[in-house]
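Note sheet for the following structure.
Computation of the quantities below employed the complete heavy-atom set of this structure, encompassing side-chain atoms and omitting hydrogens, waters and symmetry-equivalent molecules.
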Amino acid sequence: MKPKSEVSQKVAINPTKLKAFAAPQPRPLPVIVLADVSGSMAEDNKIESLNVALREMVSSFAKESRLRAEIQVGLITFGGRAAEEHLPLVAAHEVTAMKPLAASGPTPMGKAFDLARRLLEDKERIPSRAYRPVLVLVSDGAPTDDWAQPLQALCSSERGSKASRFAMAIGADADREMLKQFPNGPEATLFEAHDARDIVRFFRAVTMSVASRSASATPDQSAGLDLGMVPPDDDLDLDAL
């Protein structure tokens with residue numbers, strides 16, 4: 001018979017201590033773009049530039065570290081008679097391709113606001129542990145449906161009110177007074193796109209802002225946009241669009 005000291009003893013393992021050694025799971029950081037794809041966006045390379053800008057943004061997000069935050073991207077388009085999830089909310093690094101946007105019809109922006117609010121409120125798609133969302137609105141015209149109540153409902157909703165909301169008016173025909181009601185934050189600035197290059201510069205600024213948040217020690221802290229920090233876009237060949 002072995003001495004008592006040599007008898008193997010079963011050691012109880014505390015699951016809580018094991019968790020301390022597990023790699024922390026990154027929390028989702030949702031970025032939802034509301035994009036105007038009405039017929040007027042087909043003019044002056046606007047829709048082509050928007051396609052370039054969105055592809056660049058998603059590609060850049062996919063390369064970001066996922067230590068603390070996992071950037072997720074969703075794209076809501078509004079044109080014709082409806083708004084739809086052109087790209088359902090998904091981790092940026094999982095996007096393998098994105099169907100190009102095509103412009104047609106009127107501007108049902110109110111439907112886009114309602115769709116965005118319902119997405120934000122969906123706790124299965126955007127769990128409670130997610131970081132503060134980012135909403136980006138771009139339009140070159142005026143809403144052709146009822147928009148005031150859906151916009152108010154979105155901006156006053158629990159998550160919509162906390163989200164970082166940015167907006168860009170494209171061209172001379174954009175309804176600036178209406179679009180100014182969308183942004184929030186310390187500056188609450190409505191950005192202007194006078195030509196196709198400005199669309200790309202705006203989305204590069206959004207990309208830099210979100211990437212800065214995701215890499216920071218406090219990803220839940222909102223960050224503004226500074227187009228002055230965007231490098232020159234001489235590499236953008238609009239003739240090739």
Side-chain touch [X]/[Y], heavy atoms, less than 4.5 angstrom:
X	Y	answer
M57	V73	yes
D195	D44	no
W147	T107	no
V95	F61	no
F191	D198	no
T77	E85	no
M178	S139	no
H86	L101	yes

Task: Distance (rounded to the nearest 0.5 Å) between D173 CG and R176 CZ - done: 8.5 Å
If you count every heavy atom of other residues, nucleotides or ligands that lies below 6.0 Å from [X] atom [atom1], does the total exceed 12?
X	atom1	value
Q221	CD	no
D220	CG	yes
E158	CD	no
R81	CZ	no

Task: Side-chain donor/acceptor of N51 to backbone N/O of P100, under 3.5 Å - done: no
Task: Salt bridge present between E121 and R118 (N-O < 4.0 angstrom) - done: no
Open item on the list: As a quick check of understanding, evaluate salt bridge (charged side-chain N to carboxylate O under 4.0 Å, His left out) for R117 and D114, giving each step before the final call.
Closed with: CA-CA 5 Å; R117 178 185 56 79; D114 185 61; 2.6 Å; yes
TODO: Could you tell me how the ring of F113 sits relative to the ring of F182: parallel (under 30°), tilted (30 to 60°) or perpendicular (over 60°)?
DONE: parallel
